[in-house]
Structures are given as structure tokens and as C-alpha cells.
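Keep in mind it's a predicted model, so treat the numbers as computed, not measured. We count residues from 1, following the sequence as given.
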Amino acid sequence: MNLYDLFIKPYETYTNLQILLEASGAIFGILSVFFSIKKNIWVYPTGIVSTLIYVYILFNIGLLGDCMINAYYAAMSIYGWVLWSKNSKDHIHVDVSWATLKEWIFASVLFLFSIIMVTVLYYYKPYIDNRFSFEGISLGLYHLDWANWLDVVTTSIFLVGMWLMAKQRIENWFFWIIGDFICIPMLIYKELGITSVQYLVFTIMAVIGYVNWKKSFKEKKSAKS
């Protein structure tokens, strides 16, 4: 399979509006990561716009399970927005630090809980994708392919990453780097080429974000001592 088949051919059946929406979602997503690197609260409004665009896209192509997961991301972004607002002196920027042992334990529990919840969601996905009707479908995990199982894992990775980012913890970037990298082949498989390129950019930006947040913490620590 060549680059044309991977990135261009799937869009031959898309309308101009669908292409514009996916490109817009990718742009707002990149803006969100950029603001996150800068420790700027605009990470959340831009991220919410991107997520809601993908909710619309996924709903219209019938991927209601994925749509509900993205709606959950939007809700988590609102939580992070509120938390950053409370912890920001200028209501724009925040200070960052490393996670405590207690927070790592909570993050582990959150990861396992998410694995279970997303697996349950996929169990009911035939019912959800059938417009919430049991007619002609059977429940189970039989319909899952490798991309779906990766989606279960990456959703849980991103959930922990979002929670750690909301807490202004430097380790959040570890989860974004791993999750973004895994998403690249998964999104190509789902025929979302523009979005797969977006996640390649996300991976690079997440590495930059980790370096910047770590540097910021060291500078603040040095200034205090």
C-alpha cells in the first residue's frame, strides 16, 4: 500500500465539509498541545473545540462508541480548565511539579478503571453503533480488531495523561508521548490520514513539552534555593 492509498484515497468519498472539519479539528488539536507546552490555560478551550469537532465527525460516520469516548475527553477538559483556573495566579499560566507517590497510585487505579470501562463500552458498541437498537445485532467483543484493542489502551493512557496535566504534573507528557505514537498507525487504519499526521506532530510536541516543563521546574527550584 502506497502513500496515496493511505492518506488520499479514503478522502475521495468525503465531502468538502468533512475534510474541512477534520483539518480544523487537527489544527485546534495542535494549538491545544502548543498552549500546553507553554503552560497556558488556552490548552483547554482549544482542546475542547478540537474534541467536539471529532465528536461530530465520529457521530456522522457512525462510530458512536468512539464518539462517546471523545465526548468524555471534552468533559475531562472542562475539569482541567476549572482546576488550572484555580491554581493560576494570573489566570493564564500555572506552575508545574512532579507527581507524588499517592498521585501515581491514583493514576494506576484510574488506568485500570478506564480499561474496564472502555472494554464495557466496546462490548455494547454494536448496540450503540446500531443507533441504540438491539435489532439484528449481538453484544460482545467479537467485533474488535487490533486497532480497537489499541484504542482501549490509548484511551486509558490519555485519560491518565489528562488527569496528570490537570494536576500540573510533569509526568503527563510520558503518557501523551506513548499514546500519541500508538495512535499514528491506528488512525491510518481507520482511514483518518489527516488525523494520523496530527498525532505524529503531537508526539514531537509532547517530547518538547516534557523538556520545557522539566526545565521550568528546575529553574523555579533553582530560584528558590
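For Phe202, the ring pair (Phe, Tyr, Trp, His ring centres under 6.0 Å) criterion is met by Tyr199, not counting sequence neighbours. Qualifying ring pair (Phe, Tyr, Trp, His ring centres under 6.0 Å) partners for Tyr124, counting only residues two or more places apart in sequence or in other chains: none.
Within the 4.5 Å cutoff, side-chain heavy atoms of Asn172 are placed close to those of Trp213. Side-chain contact between Asp151 and Tyr122 is present, with heavy atoms from C-beta onward closer than 4.5 Å. Side-chain contact between Glu103 and Phe106 is absent, with no heavy-atom pair separated by less than 4.5 Å.
Shown here is Trp104, whose CH2 atom has more than 12 heavy atoms of other residues, nucleotides or ligands within 6.0 Å. Heavy-atom contacts from other residues, nucleotides or ligands closer than 6.0 Å to CZ of Phe35 number more than 12.
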Steps toward side-chain contact (heavy atoms from CB on, under 4.5 Å) verdict (Ile157, Ile182): CA-CA 10 Å; Ile157 289 172; Ile182 293 173; 4.2 Å; yes
Residue pair Tyr189, Trp146: steps toward the ring pair (Phe, Tyr, Trp, His ring centres under 6.0 Å) verdict: CA-CA 10 Å; Tyr189 178 78; Trp146 65 270; 5.0 Å; yes
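Between Phe34 and Trp42, the ring center distance fails the sub-6.0 Å criterion. Remark: aromatic rings of Phe132 and Tyr127 are close, center separation under 6.0 Å.
When all heavy atoms of Ile170 and Phe217 are compared, the pair lying nearest together is CD1-CB, 3.7 Å.
A donor-acceptor pair is defined here as one N or O able to donate and one able to accept, closer than 3.5 Å; no such pair exists between the side chain of Ser114 and the backbone of Leu110.
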